[in-house]
Each structure stands twice: as structure tokens, then as C-alpha cells.
Amino acid sequence: MTGNHQTLALVLFSVFVAVTLGITTWVSRNRHGSAEEFYAGGRLFSPMENGFAVAGDYASAASFLGVPGLIALFGYDGVLYVVGFFVAWLVVLFLVAELVRNCGRFTLADVVAARMSARPARIAAGTSSVTVSVLYLVAQMVGAGSLVALLLGRTGAGVQAWTVIGVGALMVIYVSLGGMRATTWIQIVKAVLMLGGTVVLTVLVLVRFHGDIDRLLLTAAERSGHGGAFLVPGLKYGGDLTSRLDFISLGLALVLGTAGLPHILSRFYTVPTARAARRSVIWSIGLIGGFYLMAIVLGFGAAAIVGPDALRGSNAAGNTAVPLLALDLGGGADSTAGTVLFAVVAAVAFATILAVVAGITLASSASVAHDLYASLRRRGARQRSEVAVARVAAVGIGLVAIALGLLARNLNVAFLVGLAFAVAASANLPVLLYSLFWRGFTTRGAVWAVYGGLIPALGLVVLSPVVSGSPDALFPGVDFQLFPLENPGIVSVPLGFLAGWLGTVTSPEAPDEARYAETEVRSLTGAGAV
């Protein structure tokens with residue numbers, strides 16, 4: 001790309017950053033500093049506004065950059081990510097949204113602590129929430145590094161490192177100054193931009209093939225180098241028993257993990273009622289479903305138009321498929337239209353990353369302050385100090401995410417998000433479902449459910465091919481791989497549920513029937529909800 005084209009793309013980046021910083025500054029002048037304002041935006045958002053924000057929060061760099069890249073490289077098997085990401089919302093709609101809104105106040109730990117001994121339950125749930133959030137943040141950092149390195153025409157580690165640091169600094173500013181209200185408006189703006197950009201690219205791909213989907217798929221299969229195997233299962237998951245188990249493990253994590261993501265659960269507290277929470281989920285399902293249908297078209301379009309060799313040459317994991325597709329659809333790198341379209345798409349992708357990292361950082365800092373700090377602080381400490389701790393926690397979490405993002409910069413962002421989903425499904429979902437639906441659940445069961453899923457999930461990832469023992473691992477020069485699967489969900493999710501059951505049946509504590517009855521009535525009717 002020429003210097004003028006790079007300048008245009010950087011100007012578009014700068015415009016979005018300036019607009020979002022303006023939103024943050026405006027919101028920070030109109031806040032009153034309460035915990036409800038910082039964590040939940042005053043619960044003033046409508047179902048439609050929250051639905052757009054949820055869509056903006058959920059459709060992360062993994063969706064906009066990683067999923068089309070996986071489809072372009074692996075065909076049918078890449079589409080499996082789309083199925084998992086979307087079907088997960090049925091679990092959220094029918095089992096989680098309204099009940100969580102009625103039982104909690106700001107975080108997942110609120111739901112668990114509603115009927116358990118608050119301190120151990122909050123510490124366990126808070127620890128798990130922060131861990132999942134950091135893993136999710138790493139994927140966004142990796143996407144940011146790949147995107148800006150492509151934009152600047154440089155692939156050096158220095159460019160990606162400074163990009164990751166810049167994204168981390170911006171997300172800390174968004175969260176510490178604006179809280180949930182600024183973060184929500186940034187996500188709404190990002191959702192509109194992302195959906196608009198995706199529609200334009202999808203239309204251009206279909207126009208290129210005269211609306212003939214069969215021709216698009218056949219051309220993609222031909223250029224992929226795999227022929228008909230590109231359009232049937234097995235190219236990535238299915239070569240042997242291990243890869244098939246890996247696919248089942250991935251699907252389990254994707255379908256069950258969304259209901260345990262802290263930054264998604266926290267969005268249900270930004271609306272005034274449980275009914276509004278359910279309606280916002282319905283809005284988000286429509287928006288997210290439409291987006292993922294278009295992402296499939298973009299993935300096969302990138303395979304057919306750009307080609308897998310060019311994609312791998314730009315980024316081995318395929319994270320730059322959509323920007324490269326935009327460049328080609330506009331006429332190539334030497335054309336003004338191609339570079340404008342590339343710059344717009346790159347700016348939208350950058351907006352996607354900034355919005356999502358802000359939401360995740362806010363959720364994790366809320367867990368640190370509202371769950372961990374609130375459980376350990378001295379009695380009588382003012383509530384305002386909790387908000388101050390959340391602002392400081394945002395800085396610390398940002399630093400951790402930056403460091404891990406630099407370490408994992410060569411991995412596919414959709415795959416990294418899959419790991420975060422596996423940990424969420426293993427540690428958060430069991431304790432959430434047991435707390436809502438099991439009358440005999442106890443505090444020991446809650447603590448064991450969290451750690452019984454969290455520790456195996458993290459341990460299996462460390463011992464998997466993701467970390468060592470393969471050319472694409474985080475540490476390719478060493479080999480301490482003991483677990484053959486890249487996704488731990490098939491083992492860690494059942495262990496989380498088993499640990500929760502075992503902790504409960506061996507607990508000397510008798511279940512509190514009265515508190516369960518209160519929680520059941522509150523979850524189903526909203527009586528007494530905040």
C-alpha cells in the first residue's frame with residue numbers, strides 16, 4: 001500500500017477513536033459516581049439499545065476477523081464456529097437472561113451469593129470471571145496487532161507490540177472514565193458500523209458472482225487446493241479420532257460458553273426489568289444471526305477471490321481475510337476505491353476490537369472490585385471506594401492482557417476465543433445453573449463447581465498442543481504436551497458439573513431451603529429484583 005493510502009486508513013482510525021473518546025468524555029461529565037452508574041449505566045437502556053450493544057459486545061474480533069479467516073482456510077469446518085457461536089444464544093435466551101437479571105445486581109457472583117455464604121462464593125466466581133475475561137481480551141489484542149500490521153504493510157513484532165499497547169491504553173481510558181454508559185454507546189456505534197460494513201462487502205461478493213451461490217462455493221473449493229473436500233466436514237476436524245473429539249470439545253464450549261461469559265451477563269443489568277433483558281436478547285439474536293450468515297459469505301468469498309495462499313502470506317492464521325477481501329473487491333491495492341474500502345473495513349475492525357475490549361475490561365474490573373475486593377475489604381468502607389478500585393483494576397487487567405496478547409500474537413483469534421468459551425463453560429455455567437435450579441446446592445458445591453472446572457480447563461490448555469509440542473504452539477521449541485486436544489471442553493465441562501455435585505453431597509452444610517425458595521420466586525417473577 002502507498003503512503004497516501006495508509007494515511008487515509010489511519011485518518012479513519014483516528015476519527016473513530018476521536019468520536020469514542022468524545023462519547024467517553026461527555027458521559028464522564030454527566031455521571032454521579034455510584035456503583036450502579038459505573039457497573040450498569042444506571043439501568044436506563046432500552047431493549048433495542050441493549051440488543052445492539054450486546055451484538056456489538058459479542059461480535060468480536062473473533063467473529064469479524066477470525067471466523068471468515070477460518071472459513072477461507074478450512075471451508076465447511078470453519079462454518080462450525082458460526083453454528084456454535086449462534087446456537088449458544090438459545091441457551092442464553094431460555095435459561096439465563098431473565099433469571100440472571102432478576103437474581104443479580106452487577107455480576108455473576110451476585111447470582112451465586114444470593115443463596116450461598118457470600119464470601120467464598122464471591123471469591124470463587126470473581127476469580128473465574130477475571131480469568132475468562134483476560135483470555136477473551138488476549139484474542140482481541142491479537143486481532144488488533146494483525147490488523148494494524150497489515151495496514152502499515154509491516155509484519156514486524158514491533159508494530160504489533162505498539163498496536164497492542166495502544167489498544168490497551170484506550171480501553172483503560174474508556175472504562176475508567178466512562179464506565180458502562182460510555183462502553184454501551186461505543187458498542188452501539190460499533191455494531192452499526194460493523195453490520196453496515198458487512199452488508200456492503202456481502203453485496204459486493206454476491207455481485208462478483210452474479211448472485212450465484214453455487215458458483216461462489218465451487219470457485220472457493222477450486223482455489224482452496226482441496227477440491228470437494230473444502231465443502232464437506234473433515235478438513236480441520238475429522239482426519240482422525242483425536243480431531244473429531246477436538247471438534248466435539250469445541251462445539252460443547254461454544255454452545256455452553258456464552259451463558260458463562262461475564263461481559264455478556266453484565267449486559268442484562270443495564271436494562272430496567274427482566275422482560276427488557278429478554279427482549280434485548282431477541283434483538284441481539286436477530287442482529288447476530290444476520291451478521292454470521294454474512295460472515296459465511298465473506299469467508300467463502302475470501303477463499304474464492306483472494307485465495308488461501310495470499311491469506312496465509314499475509315497472516316498464517318487467516319486473521320486478515322476480510323480486509324484483504326475488501327481491498328480486492330474495490331479493485332486492488334493500486335486503486336483508490338480498493339484502498340478506501342480496505343481502510344473503511346480496517347477501521348470497522350479496529351472499532352470492533354476497541355468496543356469489545358472496553359466491555360470485557362469493565363466486566364472483569366467489576367468482578368475484581370465488586371466481588372474480590374468487596375469480599376476482603378474492611379466493614380464500613382464506603383461504596384465509592386469500590387468504584388475507585390474498579391478503575392485501578394482496569395489498568396492492571398489491561399497490562400496483563402497486553403503481555404499475553406504479545407505472547408499469543410501468531411494464533412487465530414477465533415481459536416483463542418474458543419479457549420475463553422471453554423473456560424467459561426467449565427467454571428461459570430455449572431455454578432450458575434446449579435444456583436438457579438438445584439434446591440439442594442450448597443456453598444461448598446458452588447466453590448468446587450467453579451474451581452473444579454476452572455483448574456482442569458486451564459491445566460489441560462497448558463498441557464495441550466496450543467502451548468507446546470507443535471510448530472504453531474506458543475512455545476514451539478519445547479514439548480511438554482500431555483493432552484492431545486486443543487480444546488479442553490469435552491473434559492473440563494463435565495468435571496465442573498461433577499465437582500459441583502460432589503461438593504454438595506459431601507458438604508456438612510445443610511442447604512438453605514428458605515433462601516432457595518426466595519431465589520426461585522425472585523428469579524421467576526422479578527419480585528425484589530434491583
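- Using a 4.5 Å cut-off on side-chain heavy atoms (C-beta onward), Arg208 and Asp328 make contact.
- Expressed to the nearest 0.5 Å, how far CZ of Phe52 lies from NZ of Lys190 amounts to 12.0 Å.
- The closest donor-acceptor contact from the side chain of Thr270 to the backbone of Arg267 lies under 3.5 Å.
- Residue Ser266 holds its OG atom at 11.0 Å from CG of Asp110, rounded to the nearest 0.5 Å.
- Ring geometry for Phe497 versus Tyr434: interplanar angle over 60°, hence perpendicular rather than tilted (30 to 60°).
- Once rounded to the nearest 0.5 Å, the distance linking CZ of Phe86 with CZ of Phe291 reads 12.5 Å.
- Counting only distance, with no hydrogens or angles, the side chain of Asp77 and the backbone of Pro233 share no donor-acceptor pair below 3.5 Å.
- Phe300 is listed as a side-chain neighbour of Phe230, based on a closest heavy-atom distance under 4.5 Å.
- The minimum heavy-atom distance linking Leu265 with Ala259 is given by the pair CD2-O, 3.4 Å.
- The minimum heavy-atom distance linking Gly301 with Val205 is given by the pair CA-CG1, 4.1 Å.
- Within 6.0 Å of the OH atom in Tyr76, the count of heavy atoms belonging to other residues, nucleotides or ligands does not exceed 12.
- For the atom pair CG (Asp212) and CG (Leu217), the distance works out to 9.0 Å, reported to the nearest 0.5 Å.
- Side-chain atoms of Thr273 come within 3.5 Å of backbone N or O of Ala276 as a donor-acceptor pair.
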I would like to know whether Thr107 and Tyr269 meet side chain to side chain contact (heavy atoms under 4.5 Å, CB included); could you show each step before the answer? CA-CA 8 Å; Thr107 65; Tyr269 300 120; 5.7 Å; no
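- Looking at heavy atoms from C-beta onward, Tyr292 lies out of side-chain contact with Val83 at the 4.5 angstrom threshold.
- With values rounded to the nearest 0.5 angstrom, Arg101 atom CZ is found 14.0 Å from Arg275 atom CZ.
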Can Cys103 and Leu436 be said to form a side chain to side chain contact (heavy atoms under 4.5 Å, CB included), step by step? CA-CA 9 Å; Cys103 287; Leu436 290 172; 4.0 Å; yes
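- Here the rule is side-chain contact (heavy atoms from CB on, under 4.5 Å) with Pro68, and of Leu325, Thr320, Val322 only Val322 fits it.
- Of all heavy-atom pairs between Val271 and Ala277, the closest is CG2-N, 3.6 Å.
- Of the N and O atoms on the side chains of Ser46 and Arg279, not one donor lies less than 3.5 Å from an acceptor on the other residue.
- Looking at heavy atoms from C-beta onward, Leu70 lies out of side-chain contact with Leu80 at the 4.5 angstrom threshold.
- Using a 4.5 Å cut-off on side-chain heavy atoms (C-beta onward), Trp89 and Val54 make contact.
- Taking all atoms of both residues into account, the shortest heavy-atom contact from Met294 to Leu195 is CE-O, 4.4 Å.
- Nearest heavy-atom pair across Ala420 and Leu135 is CB-CB, 3.9 Å.
- For Asn487 and Ser249, the side-chain atoms include no donor-acceptor pair closer than 3.5 Å.
- Residues Tyr58 and Thr258 have side chains that bring a donor and an acceptor to within less than 3.5 angstrom of each other.
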Could you walk me through whether Val450 and Thr127 satisfy the side chain to side chain contact (heavy atoms under 4.5 Å, CB included) test, starting with their C-alpha distance in whole Å, then the side-chain angles of each, then the deciding distance to 0.1 Å, before giving a yes or no? CA-CA 9 Å; Val450 172; Thr127 301; over 6 Å; no
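- Inter-residue side-chain proximity for Leu432 and Val112 is flagged as unmet; no heavy-atom pair is nearer than 4.5 Å.
- Using modelled atom types, no side-chain atom of Asn428 and backbone atom of Leu261 make a donor-acceptor pair closer than 3.5 Å.
- Put simply, the side chain of Val19 does not reach to within 4.5 Å of the side chain of Ile186, judged on heavy atoms.
- Between the side chain of Asp246 and the main chain of Glu486, a donor-acceptor pair closer than 3.5 Å is present.
- Annotation for Gly330 and Leu341: closest pair N-CD2, 4.1 Å, computed over non-hydrogen atoms.
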Could you check Leu206 against Ile213 for side chain to side chain contact (heavy atoms under 4.5 Å, CB included), going step by step and ending with a plain yes or no? CA-CA 8 Å; Leu206 294 177; Ile213 300 294; 3.5 Å; yes
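- Listed for the Tyr136 side chain is no donor-acceptor partner under 3.5 Å among the backbone atoms of Pro262.
- Taking CG of Leu108 as the reference point, atom OG of Ser435 lies at 8.0 Å (rounded to 0.5 Å).
- A heavy-atom distance below 4.5 Å is not found between the side chains of Leu250 and Phe421.
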